Amino acid sequence: MSENANVSTGTLRVKTGLAEMLKGGVIMDVVTPEQAKLAEDAGAVAVMALERVPADIRAAGGVARMADPTIVEAIVGSVSIPVMAKCRIGHFVEAQVLQSLGVDYLDESEVLTPADEQYHVNKWDFQIPFVCGCRNLGEALRRISEGAAMVRTKGEPGTGNVVEAVRHMRTVTDEIAWVAGVRKEQLFDAAKQLGAPYELVRWVHDNGKLPVVNFSAGGIATPADAALMMQLGCDGVFVGSGIFKSGDPAKRAKAIVEATTHFEDADIIARVSRDLGEAMVGINISDIPDSERMQERGW
Amino acid sequence: MRIGVLALQGAFREHMMTLEALGVTGVAVRQPEQLGDLNGLIIPGGESTAISKLMKTYRFYDPIRQHHGAGMAIWGTCAGAILIAKQVLDALPDQESLGVMDITVRRNAYGRQVDSFEADLDFRHIPDGEFRGVFIRAPWIETLGEGVEELASHGGHIVAARQGDLLATAFHPELTGDPRIHRFFLDEVVAS
């Protein structure tokens, strides 16, 4: 057996398997090794290595790109939990670079300025797994057909406003229920309406769920926000600006971790929500011009 | 037979589903009080740092040790194997272990995600022996104490071991849909 153990790396099962291990956990945006350590100490299951958190990207304007390799490497070297990093939509060379730096998961992210307005990265080409954003079932299944091993509902990043995260999570859930409920002969038409591959639509019909892990992202700022998304059916949460743009990041990070584990226990959520200091200042979605809504990026 | 799955973080649902397929309803354990009348406890894969911090906050360490002392079997997969080991290499300095199983485990031994892999294993004591091991940022078992039996190895490293009512696997049987190692845990390890 040891001579011929039939070893394979980069398989779909190995890629989706890491996402399975992250479930019930919190993935935190960090911009320095110190923040990464703080996230790890608070119980984060992974960190997202960035040059700027979404709220600062939003404030800075201009073109947002992959982080400087020096920052990514410093963060990779500072923690023992998985490290994720973001590449621009369609920018497969940024993805190649980040893979070569040793990151564990790539996020082809609408938080950065898209590099291709027609095509996403062919994620099957990579050894490491990808997570991609979605606003609805069709978008989730298109990303999965391109090789994404995990999805996340987009929400509206950098706002501290959970309303878009809720909208996208509810849309995905409702559309799964719809696909699960239609008759077999309606599936091709459903696939056309969703703009998604028939085989994946049939899988959702047969199983009543997404074929990969789905986290929630984009606007989660409090323990109750995280528990809300978990009760709405996501598998875990990304918290971007919500932690390090708040008054007491260490305490808030730990509180969000506990609320994500005990998302159905209101007594625990109440206890961990006390005295967290200033939350990040939120933005109303209607105050953001259409052209600056990150969720509209990706197709 | 009552089997609990520690449900603080990680792939606990997959263990529950595999148990269900074997006709056993698992208990998702989120508080120490739920350990009460369990015959066995599975500590799933996940992030060992995250799980250990939640175990500390919610005071799981002593109750699990006590219930194990009173006869509760334990199976740790991946992160779970790290958490039951007496000695852990390459862990964070403050990461507490249950320290019940006499093995030394090296965390993230195979490297980063790019090194994660699948491989065929020879697993002792299960029907047809061969088992597809899924290794995700996996640990390996570096040394075994007295009375610990090696159950499987890969590339010169031990990846599964048993000591009485304790079972450790570095890989993830719960991700394969193959219930033979769960069956082995129920029939041999819990019943021992």
Side-chain angles (χ1 to χ4, degrees), chain A residues 1-2 4-27 37 39-46 76 79-84 99-106 126-129 149 213 235-236 254-255 257-258 260-265 268 272, chain B residues 7-14 30-31 44-58 77-79 90-92 94-95 107-108 110-123 129-138 152-156 171-172 174-177:
Chain A
M1 181 79 61
S2 53
N4 183 23
N6 195 11
V7 176
S8 38
T9 57
T11 62
L12 186 60
R13 186 152 63 180
V14 160
K15 289 175 171 177
T16 56
L18 179 53
E20 302 286 350
M21 296 310 134
L22 302 175
K23 280 189 308 195
V26 183
I27 300 169
K37 286 297 293 174
E40 183 175 47
D41 288 342
V45 290
V76 165
V79 289
S80 65
I81 56 177
V83 177
M84 299 183 164
Q99 177 168 268
S100 84
L101 294 174
V103 307
D104 298 291
Y105 234 98
L106 278 165
F126 291 78
Q127 280 281 314
I128 59 171
V213 165
D235 295 312
K254 189 164 180 286
V257 168
E258 289 186 44
T260 303
T261 291
H262 296 283
F263 65 93
E264 290 178 311
D265 191 328
I268 290 178
V272 302
Chain B
L8 295 175
Q9 191 272 316
F12 50 85
R13 208 180 310 149
E14 284 62 30
R30 289 196 169 82
Q31 298 283 358
E47 266 315 305
S48 63
T49 52
I51 297 174
S52 73
K53 280 167 203 304
L54 287 161
M55 281 173 63
K56 195 170 186 177
T57 306
Y58 290 88
T77 51
C78 194
D90 294 338
L92 295 184
D94 64 337
Q95 184 168 326
R107 192 166 163 253
N108 294 345
Y110 291 97
R112 306 196 67 87
Q113 174 63 12
V114 71
D115 307 303
S116 292
F117 65 99
E118 303 182 16
D120 292 336
L121 305 172
D122 257 328
F123 196 100
E130 189 173 312
F131 197 93
R132 190 73 176 159
V134 180
F135 294 80
I136 297 172
R137 289 172 46 96
S153 67
H154 172 77
F171 53 96
H172 294 283
E174 77 282 8
L175 294 183
T176 61

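Remember, it's a predicted structure, so these values are computed and weren't measured experimentally. Chain A is the first sequence line, chain B the second, and so forth, proteins listed ahead of strands; every chain is numbered from 1.
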Pick one of side chain, backbone, both or neither for [X], based on which atoms fall under 4.5 Å of a heavy atom in chain A.
| X | result |
| --- | --- |
| Tyr58(B) | side chain |
| Gln31(B) | side chain |
| Leu54(B) | side chain |
| Val114(B) | both |
| Thr57(B) | side chain |
| Ser116(B) | both |

Find the one option among [options] whose heavy-atom pairs under 4.5 Å with chain B are most numerous.
| options | answer |
| --- | --- |
| Gly24(A), Ser80(A), Ala44(A), Pro129(A) | Ser80(A) |
| Gln127(A), Gln99(A), Glu40(A), Lys254(A) | Glu40(A) |
| Ile128(A), Asp265(A), Val14(A), Val79(A) | Val14(A) |

Approximate separation, where rounding is to 0.5 Å, of [X] [atom1] and [Y] [atom2]:
| X | Y | atom1 | atom2 | result |
| --- | --- | --- | --- | --- |
| Lys53(B) | Leu92(B) | NZ | CG | 6.0 Å |
| Asp104(A) | Leu18(A) | CG | CG | 6.5 Å |
| Thr261(A) | Ile51(B) | OG1 | CD1 | 9.0 Å |

When you look at His154(B) and Asp120(B), which way does the side-chain contact (heavy atoms from CB on, under 4.5 Å) test go after all the steps? CA-CA 9 Å; His154(B) 172 77; Asp120(B) 292 336; over 6 Å; no
Contact part of [X] toward chain B, heavy-atom cut-off under 4.5 Å: side chain, backbone, both or neither?
| X | answer |
| --- | --- |
| Asp41(A) | both |
| Val83(A) | both |
| Val76(A) | both |

Checking Leu121(B) against Phe135(B) for the side-chain contact (heavy atoms from CB on, under 4.5 Å) test, could you report, in this order, the C-alpha distance in whole Å, the side-chain angles of both residues, the deciding distance, and whether it holds? CA-CA 11 Å; Leu121(B) 305 172; Phe135(B) 294 80; 4.1 Å; yes
Using the six-membered ring wherever Trp is involved, compare the ring planes of Phe123(B) and Phe171(B) and label them parallel, tilted or perpendicular (cut-offs 30° and 60°). perpendicular
So which of Glu118(B), Glu130(B), Arg132(B) actually passes side chain to side chain contact (heavy atoms under 4.5 Å, CB included) with Asn6(A)? Arg132(B)
Name all residues meeting the salt bridge (charged side-chain N to carboxylate O under 4.0 Å, His left out) criterion together with Arg30(B); count only those two or more places apart in sequence or in a different chain, and write none if there are none. none
